Amino acid sequence: MNPETKRILLSADEKGHWEFPPDSAAGTSMVEIDEMLPELERFFGAKLDVDRHVQDASFLTDVGYLDDRYYDREKGCGALSYRFSFRFSNFGRLFTLFGSDLDAADDRCEKAMAAKALIERRGFTFVDAEELDELYDGKNVPFDGKLTWWIRFFDYL
């Protein structure tokens, strides 16, 4: 892991707090996401999907584009598999970018890579998802021997 990424992750880590930081001002809020959403949608020229039902997780929400191969928009059901998604952590105003088609030569995916600058201008800190696969060695005793930094800040617990 890049030393700067490690510094960022350790500064966001909160001893004894797995789902939310003790001070809500240290995290991300849906209000901020909702305020940013119109700007992101204008950037993409499309309506983005927002997961408003995340529970038991170290992250707040996903904002991205669901893969129509696995999700039926009309019925509102299916697998939450994203072509691309910005995932916002509950900690340290961190966000990352992931998705099934990020390597594809697709206009939406190219825009997703560029849109992270819009989010950073709003005071969020980008963390490369590829760096988060390392075993967690932060301020808490891992509750699982396979706990990674991804799980710590960007997954269901």
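Note: hydrogens, waters and symmetry copies are ignored here, and every other heavy atom, side chains too, is used. Please read all numbers here as calculations on a predicted model, not as lab measurements.
- The six-membered or imidazole ring of Phe126 lies near that of Phe95, with a centre-to-centre distance under 6.0 Å.
- Using a 4.5 Å heavy-atom cutoff, the side chains of Trp18 and Phe143 are in contact.
- Just one residue in the list Asp62, Val63, Leu48 forms a side chain to side chain contact (heavy atoms under 4.5 Å, CB included) with Phe84, and that residue is Leu48.
- Under a 3.5 Å cut-off, the side chain of Arg87 and the backbone N or O of Phe98 do not form any donor-acceptor pair.
- In this structure, CD1 in Ile33 is found 6.5 Å from CE in Met30, a value given to the nearest 0.5 Å.
- Of all non-hydrogen atoms in Arg52 and Asp34, the two that sit nearest each other are NH2-OD1, 2.7 Å.
- A 4.5 Å side-chain heavy-atom check between Phe59 and Val54 finds at least one atom pair inside the cut-off.
- Partner Trp149 forms a side chain to side chain contact (heavy atoms under 4.5 Å, CB included) with one of Thr5, Asp13, Asp133 and no other, that one being Asp13.
- In this structure, the separation between CD on Glu134 and CG on Asn2 is 10.0 Å, given to the nearest 0.5 Å.
- For Lys47 (side chain) and Glu41 (main-chain N/O), no donor-acceptor pair under 3.5 Å exists by modelled atom type.
- Looking at Ser89, its side chain does come within 3.5 Å of a backbone N or O of Phe153 through a donor-acceptor pair.
- Using a 4.0 Å cut-off between charged nitrogen and carboxylate oxygen, Glu39 and Arg122 count as a salt-bridge pair.
- Taken to the nearest 0.5 Å, the CD atom of Glu19 stands 14.0 Å off from the CD atom of Glu14.
- In terms of modelled atom types and a separation under 3.5 Å, the side chain of Asn140 and the main chain of Gly16 share a donor-acceptor contact.
- Remark: side-chain polar atoms of Asn90 are not paired, donor with acceptor, to backbone N or O of Pro21 under 3.5 angstrom.
- Residues Phe154 and Phe88 place their aromatic rings such that the two centres sit no closer than 6.0 Å.
- Annotation: side chain of Pro38 is in contact with side chain of Arg42 (closest heavy-atom distance under 4.5 Å).
- Although no hydrogens or angles enter the test, the distance criterion places a donor-acceptor pair under 3.5 Å between the side chain of Thr61 and the main chain of Asp51.
- The NZ atom of Lys6 sits 3.5 Å away from atom CG of Asp137, with the distance rounded to the nearest 0.5 Å.
- At least one donor-acceptor pair under 3.5 Å links the side chain of Ser58 to the backbone N or O of Asp155.
- Counting only distance, with no hydrogens or angles, the side chain of Lys15 and the backbone of Lys139 share a donor-acceptor pair below 3.5 Å.
- Between Leu118 and Arg121, the shortest heavy-atom contact is CD2-NH2, 2.5 Å.
- No side-chain N or O of Asp49 forms a donor-acceptor pair with one of Tyr82 less than 3.5 Å apart.
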- Chi angles and distances behind the ring-ring contact (aromatic ring centres under 6.0 Å, His included) call for Phe20, Phe91: CA-CA 7 Å; Phe20 304 97; Phe91 293 86; 7.7 Å; no
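- A salt bridge is absent between Asp128 and Lys116; no separation between the charged side-chain nitrogens and carboxylate oxygens falls under 4.0 Å.
- Tracing side-chain contacts under 4.5 Å through hydrophobic residues (I, L, V, M, F, W, Y), one never reaches Leu60 starting from Tyr156; they form parts of separate clusters.
- Looking at heavy atoms from C-beta onward, Thr96 lies in side-chain contact with Trp150 at the 4.5 angstrom threshold.
- Residue Tyr136 holds its OH atom at 11.5 Å from OG1 of Thr148, rounded to the nearest 0.5 Å.
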